[in-house]
Amino acid sequence: ALGLAIANLINLLNPLRVILTGEGLRAGPLLSGPVTAAVDAHALGALRGGSEVLFHSWGDEMWARGAATIVLRRIYE
């Protein structure tokens with residue numbers, strides 16, 4: 001289901017990158033293999049080549065940095 005959702009995202013928005021992170025990535029190849037296969041099967045061929053699906057195991061400090069970036073961007077707009 002996750003791979004199909006990502007394929008739909010690629011088909012609709014054509015992003016350069018889709019980054020997956022979180023606790024589920026501890027499953028490693030049990031998650032990444034089926035997700036990648038589902039994306040390859042359901043994304044349009046021309047769009048799939050331009051979109052990269054990344055699996056990144058960020059820690060909690062990255063979430064804090066992202067939150068701080070949003071706050072600073074709003075302050076300095």
Between Leu54 and the options Ile19, Leu20, Thr21, the side-chain contact (heavy atoms from CB on, under 4.5 Å) test singles out Ile19
Show me the side-chain donor-acceptor pairs of residues 8-17 shorter than 3.5 Å, one per line, residues at least two apart or across chains.
{"residue": "Asn8", "atom": "ND2", "partner": "Leu4", "partner atom": "O", "Å": "3.4"}
{"residue": "Asn11", "atom": "OD1", "partner": "Leu44", "partner atom": "N", "Å": "2.8"}
{"residue": "Asn11", "atom": "ND2", "partner": "Ala7", "partner atom": "O", "Å": "3.3"}
{"residue": "Asn11", "atom": "ND2", "partner": "His42", "partner atom": "O", "Å": "3.3"}

Please determine whether residues Tyr76 and Ile70 belong to a single hydrophobic cluster, defined as Ile, Leu, Val, Met, Phe, Trp and Tyr linked transitively by side-chain heavy-atom distances below 4.5 Å.
no
Without placing hydrogens or testing angles, list every side-chain donor-acceptor pair under 3.5 Å for residues 27-41, not counting sequence neighbours.
{"residue": "Ser32", "atom": "OG", "partner": "Gly28", "partner atom": "O", "Å": "3.3"}
{"residue": "Thr36", "atom": "OG1", "partner": "Ser32", "partner atom": "O", "Å": "2.8"}
{"residue": "Asp40", "atom": "OD1", "partner": "Arg48", "partner atom": "NE", "Å": "2.7"}
{"residue": "Asp40", "atom": "OD1", "partner": "Arg48", "partner atom": "NH2", "Å": "3.1"}

